[in-house]
Amino acid sequence: MVDTAPYHDRDGFVWFDGKLIAWREANIHVLSHALHYASAVFEGERAYSGEIFELTQHSQRLYDGAKVLDFTIPYSVAEIDEACRDTIRANNLTDCYVRPIAWRGSEQMGVSAQATKIHLAVAAWDWGSYFPMEERLKGLRLTMAKYRRPDPATAPAKTKAAGLYMICTIEKHRAERAGYADALMLDWRGHVAECTGANIFFIKEGVLHTPTPDCFLDGITRRTVIRLAGRRGLKVVERTILPEELGSFSECFVVGTAAEVTPVAEIAEHTYKPGKICETLINDYTAAVQPKQRAAE
Ligand code: PMP
């Protein structure tokens, strides 16, 4: 059953700096550097039938993202993997969302943060469909975002750094208030980039097209879907996609750990009809994330 209690007030355990502690005690001080200066990186993972899909890729991305933010997580990638597994086990979860986060603590306040302690925590909870199921099946309605994905010369654009989500939350709220599920963001040059928490694919004449991830996250789900499409003999073109082209595609879908593979029905004035390729990839992804299937590969 999905817990509707606020996230700070739940039963269970959080892995916090090397130990599993009571969920409600997993707190930090208000003068934590991360809260003021966004010196944090996080991950979003999903476990299926007790196993976290592509766990090591997520842990590695967390570790590498921290390095980009100029801090070193005091645990190895293998130890981060183990922390994630311990967290789901301690909470008796098998199908769930997993959220590791690494951040700078409260030893120093100001832009400089050399003396701060680096913390790592992992929480896990039951989290069903990222988009409400009825919207998901009908296909999502997306609006165009105003903010753009930043130039990699402006921000660490390819990490899951907390600060990058400031504009995502603003845009997601703007979309929701206008009755849309999410917003499609362009990049700093005006090319189609991604949604506020998922990558995007388009289909035209049986070929998949997806933006080149040169200034946004090259998602693990995105890479999985490219691999699955390849196995079906589907051609995938990674290229610059201009907003003027949005009307030329017949199908569209978004992908991400939380979003999985979700069809899109509408982007601003353009409409799409989820078809056979979309359905095949949803089914292939659903099978690929299951541990049985992976063992058989
Ligand atoms: N872009 C953004 C901005 C995201 O937050 C996510 C979710 N992590 C993705 C893309 C998809 O990445 P992944 O498939 O690795 O979850």
Side-chain angles (χ1 to χ4, degrees), residues 38 40-48 52-66 68-69 77 80-81 84 96-102 122-124 127 129-131 140 142 144-145 147-152 154-175 181-188 191-202 208 210-229 236 238 241 252-262 264 281-282 284-286 288-289:
V41 283
F42 68 97
E43 267 308 316
E45 307 166 357
R46 268 191 198 268
Y48 297 89
I52 301 167
F53 182 61
E54 301 294 16
L55 173 58
T56 303
Q57 282 197 50
H58 283 284
S59 300
Q60 186 73 54
R61 185 166 73 183
L62 184 79
Y63 192 89
D64 295 345
V68 175
L69 263 58
V77 169
I80 301 170
D81 281 356
C84 294
C96 61
Y97 184 77
V98 187
R99 168 57 58 87
I101 180 158
V122 186
W127 200 19
S129 187
Y130 182 64
F131 294 106
L140 303 177
L142 307 181
M144 294 304 293
Y147 279 107
R148 294 179 170 200
R149 304 310 300 166
D151 180 348
T154 301
K158 298 177 77 170
T159 66
K160 268 186 86 71
L164 290 171
Y165 286 84
M166 171 179 64
I167 56 174
C168 297
T169 298
I170 295 170
E171 292 299 349
K172 180 94 176 174
H173 286 183
R174 194 204 307 278
D182 202 354
L184 174 61
M185 302 181 88
L186 304 180
D187 71 15
W188 57 288
H191 303 161
V192 171
E194 59 171 355
C195 288
T196 64
N199 292 121
I200 193 158
F201 284 80
F202 300 93
L208 281 89
T210 192
T212 310
D214 55 6
C215 62
F216 56 87
L217 207 64
D218 178 8
I220 293 166
T221 318
R222 177 186 183 280
R223 294 200 296 263
T224 304
V225 165
I226 290 175
R227 181 163 53 83
L228 294 172
V236 183
E238 294 181 71
I241 297 177
C252 174
F253 58 92
V254 295
V255 305
T257 298
E260 299 174 305
V261 178
T262 300
V264 171
L281 290 170
I282 291 174
D284 285 359
Y285 186 74
T286 306
V289 294

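Order of listing sets the numbers, starting from 1, for every ligand and every atom in it.
Partner of C195 under the side chain to side chain contact (heavy atoms under 4.5 Å, CB included) criterion, chosen from L140, V254, V255: V254.
The nearest protein atom to atom 14 (O) of ligand 1, hydrogens excluded, is given as T221 OG1, 2.6 Å; this is a heavy-atom distance. What sits closest to atom 6 (C) of ligand 1 on the protein, heavy atoms only, is G197 O, 3.3 Å. At the top of the distance list for atom 2 (C) of ligand 1, counting protein heavy atoms only, stands E194 OE1, 3.5 Å. Annotation: atom 16 (O) of ligand 1 to nearest protein heavy atom, T257 OG1, 2.6 Å.
Ligand 1 has R61 within reach: a non-hydrogen atom of the residue lies less than 4.0 Å from it. Distances shorter than 4.0 angstrom occur between a heavy atom of A198 and an atom of ligand 1. Residue contact check for ligand 1: T196 places a non-hydrogen atom closer than 4.0 Å to it.
Residues C168 and R149 form a side-chain contact, since some pair of their non-hydrogen atoms from C-beta on lies under 4.5 Å apart. For the pair N199/P213, no side-chain contact is recorded, criterion being any heavy-atom separation below 4.5 Å from C-beta on.
Side-chain contact of H58 with E43: a donor-acceptor pair under 3.5 Å is present, judged by distance alone.
With ligand atoms numbered from 1 in the order given, ligand 1 contributes 12 (O), 13 (P), 14 (O), 15 (O) to contacts under 4.0 Å with heavy atoms of G219. The atoms of ligand 1 that sit less than 4.0 Å from any heavy atom of K160 are 5 (O), 7 (C), 8 (N). Within the listing of ligand 1, atoms 2 (C), 3 (C), 4 (C), 5 (O) sit less than 4.0 angstrom from a heavy atom of Y165. Of all atoms in ligand 1, numbered sequentially from 1 with element shown, those under 4.0 Å from a heavy atom of N199 are 10 (C), 11 (C).
Between F201 and F253, the angle of the ring planes stays under 30°, which puts this pair in the parallel group of the 30/60° scheme.
Of the charged side-chain nitrogens involved, none lies within less than 4.0 Å of a carboxylate oxygen, so that R61 and E54 do not count as a salt-bridged pair.
The number of heavy atoms from other shown groups lying within 6.0 Å of OH (Y147) does not exceed 12.
Remark: L281 CG to E260 CD distance equals 14.0 Å, nearest 0.5 Å.
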